[in-house]
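Some notes on the structure that comes next.
Just the heavy atoms: all of them, side chains too, but no hydrogens, waters or symmetry mates, feed the values below. Whatever order the structure lists ligands and atoms in, that order sets their numbers, starting from 1.
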Amino acid sequence: MKDVLERIAAVVGSAGLVTDETGMAPHMKDWRGRYSGRPLAVVRPASTRAVAEVVKICAETRTAIVPQGGNTGLQGGGITDASGTQILLSTGRMNRVRAVDALNNTITVEAGCVLEHVQRAAEDAGRLFPLSLGAEGSATLGGNLSTNAGGTGVLRYGNTRDLALGLEVVLASGEVWDGLRGLRKDNTGYDLKHLFIGAEGTLGVITAAVMKLYPLPAARLTAIAAVGSPHDALRLLSIAQRQSGDALTGFEMISDFCITLLVKHFPATRTPFDARHPQYVLMEISDARSEASARAAIESILAEGMEAGIARDAVVAQSLSQVNAMWAMREDITEAQRLEGLNVKHDVSVPISRIAEFMDATEAALRRAYPDVRLVVFGHLGDGNLHYNVCGPQGVAPEVFLREEAGVTRIVHDSVARFNGSISAEHGLGQLRREEIRRYKSALELDLMRKLKAALDPLGIMNPGKVL
Ligand code: FAD
Ligand code: 2HG
Ligand code: ZN
């Protein structure tokens, strides 16, 4: 092992090799505090060439590699095991924007670039990089690609996969695949980039990518509407899509218990309305022409919703600070839950048309077994993706309720399966869902996945114990 570290040190230098406890600590535990590991070392290469050399050494010595970006993943995919034999490869020093081609509407970025910086670089060039999620201040583009992250703009712009045009990847052999093409059309055989997107570091290390950009909208307006049920939230979605089509760039749902948690953990939170309501919808309209046009569009949606008796109350943000406050109400739920203590998380999707029915059926099934659980349900309604998180009954310590995790998850995921849904919509499998997926994916699909893994990583050194 000492020999491996000496060889790696010769490639990355002292700035690129961390072996002391304090330096490794931020990389050893996941964001939720649910998984912890002990790496042999944290290796921080600063270039694709250095990543390739490190991977070659690991292949020769059969040393496992766990890639890590911003360490905001929620499934434990970027954490090593506790053996002290795996290398944690952090992409933090590979954070350059290599190029922006405004006319081609593309940006070429290194994997360790923080998502917020990518958004800013696009904006500086008068363009929009539309991937947006609560962890964007720390999550990296490499992590986004490797988890095929979703977020709040999927309704209009798609998942990370839909935004990627080309990749550069260091393969498990240490060879570099240069697929950094910025083409909208390229049908020259298998589209290899899609193998690495969503692979959670199990097939290779993504070192750079060419991503799509879009025109910056002239205005983005946000509103919150209160509704009586998920069924009404769906009706409002239908109105919004009929009236605004592609201008509808966000449609999120927040259940009332989320607001209770926010108020408890962020006392400065201002509830959107004087009265409380069962569900809230956060809606965003982006308009290419003007703010007046965006305002007219959002007000017209809300007016129709109110007239139809669907929206019980509604408010359109009047200033940037109100926009930020509305989005904070949505984005801070995960942090409020963390402060409340470990809970049972589920990141599920079902066909959008069936999401309200799914919520009714799942809650009924859950309450039969666990009558007093508190549901922290929120998410990307416009994509059919819910964070169906379950807290224990009032007064039961989180770590005590966590003993029920397997039973709770079985009920939720079996319900997802009955609705032809997915048990991981946007967070990946990591360690958390590695076993669980065997119950819900067909043997044929799992076998194909294993064959791909064996073909691309025959030595099994890339992020072992994750996904498969
Ligand atoms: P990490 O956590 O470091 O790694 C995630 C996985 O990718 C691991 O398996 C790791 O091995 C692999 N990996 C990382 N970099 C590379 C690379 N260069 N090459 C190969 N493999 C790599 N996710 C959503 O989809 N939508 C959301 O709305 C959302 N909101 C969030 C809000 C909060 C508050 C938090 C904490 C998380 C949220 N997430 C969300 C989850 C998380 O932010 C995303 O999964 C994000 O894409 C992870 O990026 P990262 O750089 O932190 O990756
Ligand atoms: C979000 O949409 C994230 O905010 C996190 O995907 C979801 O905390 C969660 O369960
Ligand atoms: Zn989400």
Side-chain angles (χ1 to χ4, degrees), residues 26-27 30-33 35 45 48 51 55 65-80 86 88-92 94-95 109-115 131-154 159-161 167-170 172 196-209 250 252-254 258 261 327 330-338 343-349 376-381 383 385-390 424-432 434 462-467:
H27 303 275
D30 73 327
W31 188 89
R32 291 177 73 198
Y35 294 100
T48 302
V51 175
V55 174
I65 303 164
V66 179
Q68 191 184 86
N71 195 16
T72 67
L74 295 170
Q75 313 290 68
I79 300 297
T80 65
Q86 302 185 322
L88 192 143
L89 193 148
S90 166
T91 57
M94 300 185 61
N95 56 9
V109 180
E110 291 182 348
C113 207
V114 169
L115 173 55
L131 185 66
S132 177
L133 41 94
E136 64 199 19
S138 321
T140 61
L141 189 70
N144 302 150
L145 285 158
S146 300
T147 57
N148 184 26
T152 53
V154 174
N159 295 291
T160 309
R161 184 186 297 285
L167 292 188
E168 178 186 84
V169 181
V170 172
F196 301 98
I197 300 172
E200 300 178 59
T202 61
L203 301 180
V205 183
I206 297 174
T207 46
E252 301 282 313
M253 190 171 75
I254 303 168
C258 301
L261 277 187
W327 277 103
R330 166 63 185 83
E331 303 291 15
D332 288 346
I333 300 170
T334 302
E335 177 65 11
Q337 273 200 278
R338 176 163 76 161
N343 59 85
V344 184
K345 271 194 188 297
H346 306 99
D347 164 37
V348 304
S349 63
V376 190
V377 179
F378 62 100
H380 318 286
L381 190 84
D383 313 325
N385 173 196
L386 290 176
H387 300 304
Y388 200 98
N389 300 340
V390 184
S424 182
E426 59 170 8
H427 295 163
L429 297 176
Q431 306 184 47
L432 183 68
R434 188 183 88 116
M462 289 308 312
N463 212 357
K466 317 292 165 46
V467 180

Can you confirm whether [X] sits close enough to [Y] that some side-chain heavy atom of one is under 4.5 Å from a side-chain heavy atom of the other?
X: K345; Y: T334; answer: yes
X: L145; Y: L167; answer: yes
X: N343; Y: R32; answer: yes
X: L115; Y: L133; answer: yes
X: T48; Y: V170; answer: yes
X: M462; Y: L203; answer: no
X: F196; Y: E168; answer: no

H380 vs E252, test: side-chain contact (heavy atoms from CB on, under 4.5 Å). Steps then yes/no.
CA-CA 5 Å; H380 318 286; E252 301 282 313; 2.9 Å; yes
Counting only heavy atoms and a distance below 4.0 Å, can you name the residues contacting ligand 2?
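For ligand 2, the contacting residues are L74, R330, T334, K345, F378, H380, H387, N389, E426, H427.
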Does anything in residues 136-146 form a side-chain hydrogen bond (donor to acceptor under 3.5 Å, both in side chains)? List the pairs, not counting sequence neighbours.
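Output for this query lists Q119-E136, S132-E136.
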Do E200 and K466 pass the salt bridge (charged side-chain N to carboxylate O under 4.0 Å, His left out) test, and can you show the C-alpha distance, the side-chain angles, and the key distance before you say yes or no?
CA-CA 8 Å; E200 300 178 59; K466 317 292 165 46; over 6 Å; no
Protein residues that have a heavy atom under 4.0 Å from any atom of ligand 1, sorted by chain and number:
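Answer by chain and number: W31, P67, Q68, G69, G70, N71, T72, G73, L74, G77, G78, T91, A111, L133, G134, A135, A139, T140, G142, G143, N144, S146, T147, A149, G150, G151, E200, G201, G204, V205, I206, T334, H380, E426, H427, N463.
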Applying the side chain to side chain contact (heavy atoms under 4.5 Å, CB included) test to P45, which of V205, T207, V51 qualifies?
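By the side chain to side chain contact (heavy atoms under 4.5 Å, CB included) criterion, P45 pairs with just one of V205, T207, V51: V51.
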Option passing side chain to side chain contact (heavy atoms under 4.5 Å, CB included) with Q68 (candidates L89, T91, I79, N463)
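Going through L89, T91, I79, N463 one by one, the side chain to side chain contact (heavy atoms under 4.5 Å, CB included) with Q68 is satisfied by I79 alone.
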Atoms named by residue and atom, protein N, O or S, within reach of the Zn ion (ligand 3) (under 2.8 Å)
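The answer, once waters are left aside, is H380 NE2, H387 NE2, E426 OE2.
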Give the ring-plane orientation class for H387 versus F378, where under 30° counts as parallel, over 60° as perpendicular and anything between as tilted.
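Taking F378 first and then H387, their aromatic rings sit tilted (interplane angle of 30° to 60°).
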